[in-house]
Amino acid sequence: MYVIPEPSKQLLTDMMAFTAAQIAQLVEGTVEGNPMASVHAFGKIEEASPGQLSFLANPKYEEYFYSTNASVIIVNESFQPRQKKETTLIRVPNAYLAFATLLSKYQELVQQQLTGIEQPSFVATTAALGSEIYLGAFSYVGKCAQIGDQTKIYPNCYIGDEVVIGKRCVLHPGVKIYHQCVLGNDVIVHAGTVLGSDGFGFAPQPDGSFTKVPQIGNVVVEDQVEIGANTTIDRATIGSTIIRRGAKLDNLIQVAHNVEIGSNTVVAAQAGISGSTKVGKGVMIGGQAGIIGHISLGDGAKVNAQSGVIKSLDPGKAVYGTPAYDYTQFLRSQVISRKLPELEKRIQELEKIISDLKSNG
Amino acid sequence: MYVIPEPSKQLLTDMMAFTAAQIAQLVEGTVEGNPMASVHAFGKIEEASPGQLSFLANPKYEEYFYSTNASVIIVNESFQPRQKKETTLIRVPNAYLAFATLLSKYQELVQQQLTGIEQPSFVATTAALGSEIYLGAFSYVGKCAQIGDQTKIYPNCYIGDEVVIGKRCVLHPGVKIYHQCVLGNDVIVHAGTVLGSDGFGFAPQPDGSFTKVPQIGNVVVEDQVEIGANTTIDRATIGSTIIRRGAKLDNLIQVAHNVEIGSNTVVAAQAGISGSTKVGKGVMIGGQAGIIGHISLGDGAKVNAQSGVIKSLDPGKAVYGTPAYDYTQFLRSQVISRKLPELEKRIQELEKIISDLKSNG
Amino acid sequence: MYVIPEPSKQLLTDMMAFTAAQIAQLVEGTVEGNPMASVHAFGKIEEASPGQLSFLANPKYEEYFYSTNASVIIVNESFQPRQKKETTLIRVPNAYLAFATLLSKYQELVQQQLTGIEQPSFVATTAALGSEIYLGAFSYVGKCAQIGDQTKIYPNCYIGDEVVIGKRCVLHPGVKIYHQCVLGNDVIVHAGTVLGSDGFGFAPQPDGSFTKVPQIGNVVVEDQVEIGANTTIDRATIGSTIIRRGAKLDNLIQVAHNVEIGSNTVVAAQAGISGSTKVGKGVMIGGQAGIIGHISLGDGAKVNAQSGVIKSLDPGKAVYGTPAYDYTQFLRSQVISRKLPELEKRIQELEKIISDLKSNG
């Protein structure tokens, strides 16, 4: 049997050991108990061990407050324990938010410490690398590519010729970016994702075969976009496939050639968007949803999971189903479709009564 | 034109050349014919060439028994050829099982022979490598990572900092495992799969943008799990995303943060499971099915392909459709939904008759 | 803020600078204006800058003809501008086709120039490499593998033992091909795609666990097939999973073990085909469609996006829905299913009238 190690104990011990007083200062909270209580790792309240920092936000988890071994617990200002507990507390207006803020700061710290060029890696002589970057072993940077300051490229990545990547980006292991694609600043791309593969364009020939239509555009990803793992975004036939500022894409998503995804739009895992479709700002696309090509989705539209959208949507419109239509209407019809066998029976009964009435009439 | 080579002839010749007598011993069968007949490769009965070992289990394929060029054929004890055939036979209680057993032993043999560290590869000085491991070229092992005895890591893999991998695991080419994930013993992961990418968690801001919620948990994969190619399993926000002992996951599957998949559960290709959902033991999830977040699927539940599950399921429950409901009820409704145009017409006719009746009444 | 560079300006400048006269010769057109007008890049008519070549085919875009900065524009022979424009024109029978032809020739040129073996790469001593090949850094070629003349393998690819690859193929970065798979000539495989991973085969055991069924077949990809990014094609249990000549597969597709996909068949992104299913020639499979195992799809069948096919299809048959049935019938039923709440109400009204009639009768 294998043993699940205490998560990241060793690394975190080296990385940080903070007192309750220091943490309270970071999250603008007040200490209740020993201000010198020291923690070196994060833990869920139901699992935390001594030396760990935890939090209680949801009253559903209050029971664990009394049994946890965490050394320091962040709680809401309003929290009143039903039993006495010796553990040091840090009181803040919003315990969950404070905890998330701490994690975020911690991760930034870890990320910033990652710098240097590991060997072997491949950097074309005409590539331009910014300052304080990390380039992992077995990563490849092609001709005339540009990597901005403080960008971190994990091992086994491929950055094609003339790719331009902004500042403070993170490319996780095995990301592949085809030639001439452009990433803004603060972009995060998860492992195995492909940007800039050829759009799926073929011209049918009289003999039933297909001729490839060259795909000479690129992919442009604006600032603060995050893209999940093993997602694919095809380059445009001509021009650019564009992911606008702040959009968030999950894992295993397909974005076809010449698509444009609007600012702050969120796309859940395994959704697919066909060629030349324009998705507005602040749109929500559910998991495994599919959007046909050459349509547009208005700002704030909502596409339910697994829906198949085959017509353009007005701003704010919510849809469901394949083909997709009004969300509420779909749910109502769906409830009745479950009793179709019963409806059919009622029609048969009516037909019989009518028939009897007529023959008796 | 290219030529399809005889499959693996050269390698297999080097690897093994067994006599019918040796094979009979391995599968506890009895030889009928020449016990010294020698084979060095496997082949389907309809395609096998001299020097190959084949089998006949399904009576549907009996015709090929008389035409095949295989040198040795494994058959069921009860099999009685309708024509005389000179080929050497090995009789066993279950021909298919015996053949599969042989293949399995052969593959173990090949796998075991794969050892050593190919160069160039990257191993952090603080990483701990077990004995008899294989580490392919261009693979990366991060700080404090631990690789168990006899584990095989193919080329172009990424093993992040503090990852723990058990014994006798196989990671196929291009697998990426983020920091602090844990794999048990006898785990197989196919090419391009990503374990431990960030969960898809973002906090909406008043201006419509999103702030990343740090994902500091990990992924834990227990013993004897097999995971297909280009699948993605996200790390937990806090705690672990867990794949329990003996579960089998196919290709291109999405497993979101904090999901737990039970022991011996089978998930078919392109299915997706949303955040914090708990899947029980022995569950079957069909291809392209989607499961919403924060629900639980009871032990032995069955989710049909392409279904969209939006409510928790009782143990053993079978469902179908989007949203998914009772499997049998769905099929019944689905049959009637095909004749909806006819049902509508019948209602119209009834309305007309009633209207006539009333105006005549 | 990052700046989107003029696409590929630098590389294209180096690569080609052609006059209108030279281009006219390549596409068999006639120049109208300055035959010495020089271009070094392609651009969309609405975005093109000086020094770029553009085209106008669709009358919808005619307004841009008058405002574009392109130096040379390819137009249809029949095109009559409504306003005078100084730009040099090249007149051809079909402007779009001429433009696509040029792009195609340009890409061939770029591809052909890519040769040589970058270091570090890994080539087994028993591997056979053809002439004029490109092997990118961090790519791996296993024992007894064969790579045909003029094939281009980008960085971070894995070519397993005994793999055979034909002539003029292109494997984009991070493609992984398991042992003994076979590719024909002129095959294109996009980044991150996996060929030859184990089929999903497990034998259930009495205790609820599963035993792996060895997968010892391979994948055979015939000439002129193109496969998108992050797609997975599993090896056969025994024999071959086959993709026939000229088939085109998009991104994130799952092809299970022992599937056969016919010649010139087109499969859109995220579709999945289950084990042992045989897809005919010239079939169209829409995005996110799923096909059950062990059936066959006749030549020219059409499966609409997101459909779930659970029965064999006759040649030319078009289907839609889950489970899929006749396309036209599905659309008709689907329209009525939207008004199911109304239909139910009409039945209720009929029941009430009948009930009244009977109690009054």
Side-chain angles (χ1 to χ4, degrees), chain A residues 120 122 138 140 143-144 148 156 158 161-162 164 166 174 176 178-180 182-185 192 194 197-198 200 202-203 208-210 212-214 216-218 220 223 230 232 234 238-239 252 254 256 270 272 274 288 290 292 308 322-323 325 329 332-333 336-337 343 346-347 350 353-354 357, chain C residues 1-2 4-5 7-8 10-11 42-44 47 100 103-104 106-107 118 120 136-138 154-156 172-174 188 190-192 224 226 228-230 246 248 250-252 263-264 266 268-270 281-282 287-288 305-306 321-322 334 337-341 343-344 347 350-351 354 357-358:
Chain A
F122 184 105
F138 317 124
Y140 185 102
K143 290 176 206 133
C144 302
N156 303 96
Y158 171 82
D161 294 348
E162 298 178 79
V164 177
K176 294 119 201 151
Y178 282 51
H179 57 285
Q180 296 167 353
V182 177
L183 274 66
N185 298 319
V194 175
S197 38
D198 283 355
F200 196 60
F202 299 94
S209 71
F210 293 91
K212 183 174 175 66
V213 176
I216 61 147
N218 71 347
V220 172
D223 297 354
N230 282 351
T232 59
D234 280 349
I238 307 178
L252 293 168
Q254 154 72 354
Q270 297 177 316
S274 303
Q288 298 181 336
I292 208 172
T322 301
Y325 58 99
Q329 200 190 345
R332 268 189 217 133
S333 290
I336 294 168
S337 83
L343 281 196
R346 284 161 68 184
I347 293 173
L350 284 170
I353 295 171
I354 294 285
L357 277 175
Chain C
M1 269 300 294
Y2 66 97
I4 303 177
S8 68
Q10 183 164 0
L11 185 66
F42 298 97
K44 284 159 90 169
E47 297 171 351
L103 291 184
S104 189
Y106 166 68
Q107 291 211 327
E118 287 176 353
F138 317 124
Y154 279 82
N156 303 97
H172 286 279
I188 299 173
H190 282 281
Q224 290 167 15
E226 181 160 348
N230 283 350
K248 309 294 180 189
D250 202 349
N251 301 339
L252 293 168
S263 192
N264 296 328
V266 173
Q270 297 177 316
K281 297 175 194 171
Q288 299 182 335
Q306 292 192 327
T322 301
Q334 218 282 334
S337 82
R338 297 185 187 197
K339 43 181 183 176
L340 273 174
L343 281 195
E344 192 187 31
I347 294 172
L350 285 170
E351 286 168 338
I354 293 285
L357 278 175
K358 285 176 82 175

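Just the heavy atoms: all of them, side chains too, but no hydrogens, waters or symmetry mates, feed the values below. Lettering of chains follows the sequences in order, A, B, ..., and the numbering in each one begins at 1.
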Give, for atom OG of A:Ser274 and atom CG of C:Asp250, the distance between the pair rounded to the nearest 0.5 Å. 8.5 Å
Taking atom CD1 of A:Ile347 and atom CD1 of C:Ile347, what is their separation to the nearest 0.5 Å? 4.0 Å
Residues at least two apart in sequence or cross-chain that pass side chain to side chain contact (heavy atoms under 4.5 Å, CB included) with C:Ala229, listed by chain then number, are A:Val194, A:Ser197, A:Thr232, C:His190, C:Asn251
When only pairs under 4.5 Å are counted, which of A:Gly208, A:Gly148, A:Ala203 shares the most heavy-atom pairs with chain C? A:Gly208
NZ of C:Lys44: more than 12 outside heavy atoms within 6.0 angstrom? yes
Under 4.5 Å between any side-chain heavy atoms of [X] and [Y], yes or no?
X	Y	result
A:Ile238	C:Glu47	no
A:Leu350	C:Glu351	yes
A:Ser209	C:Gln224	no
C:Pro341	A:Ser333	yes
C:Ile188	A:Asp198	no
A:Tyr140	C:Glu118	yes
A:Asn156	C:Phe138	no
C:Val266	A:Phe202	no

Non-hydrogen atoms of [X] and [Y] that approach each other most closely:
X	Y	answer
A:Phe122	C:Ala137	CD1-CB, 3.8 Å
C:Arg338	A:Gln329	O-NE2, 3.3 Å
C:Gly174	A:Lys176	CA-CE, 3.8 Å
C:Gln270	A:Gly272	OE1-CA, 3.3 Å

Hey, does the side chain of A:Tyr178 reach the backbone of C:His172 with a donor-acceptor pair shorter than 3.5 angstrom? no
Backbone of C:Asn230 reached by a side-chain donor or acceptor of A:Asn230 within 3.5 Å: no
Could you have a look at C:Gly246, C:Gly136, C:Ala191 and say which one has the most heavy-atom pairs with chain A under 4.5 angstrom? C:Ala191
Part of C:Pro173 lying under 4.5 Å from any heavy atom of chain A: both
Checking heavy atoms, do the side chain of C:Leu103, its backbone, both or neither come under 4.5 Å from chain A? both
Trace of the side chain to side chain contact (heavy atoms under 4.5 Å, CB included) decision for C:Glu344 with A:Arg346: CA-CA 10 Å; C:Glu344 192 187 31; A:Arg346 284 161 68 184; 4.0 Å; yes
At a heavy-atom separation under 4.5 Å, does A:Leu252 approach chain C through its side chain, its backbone, both, or neither? both
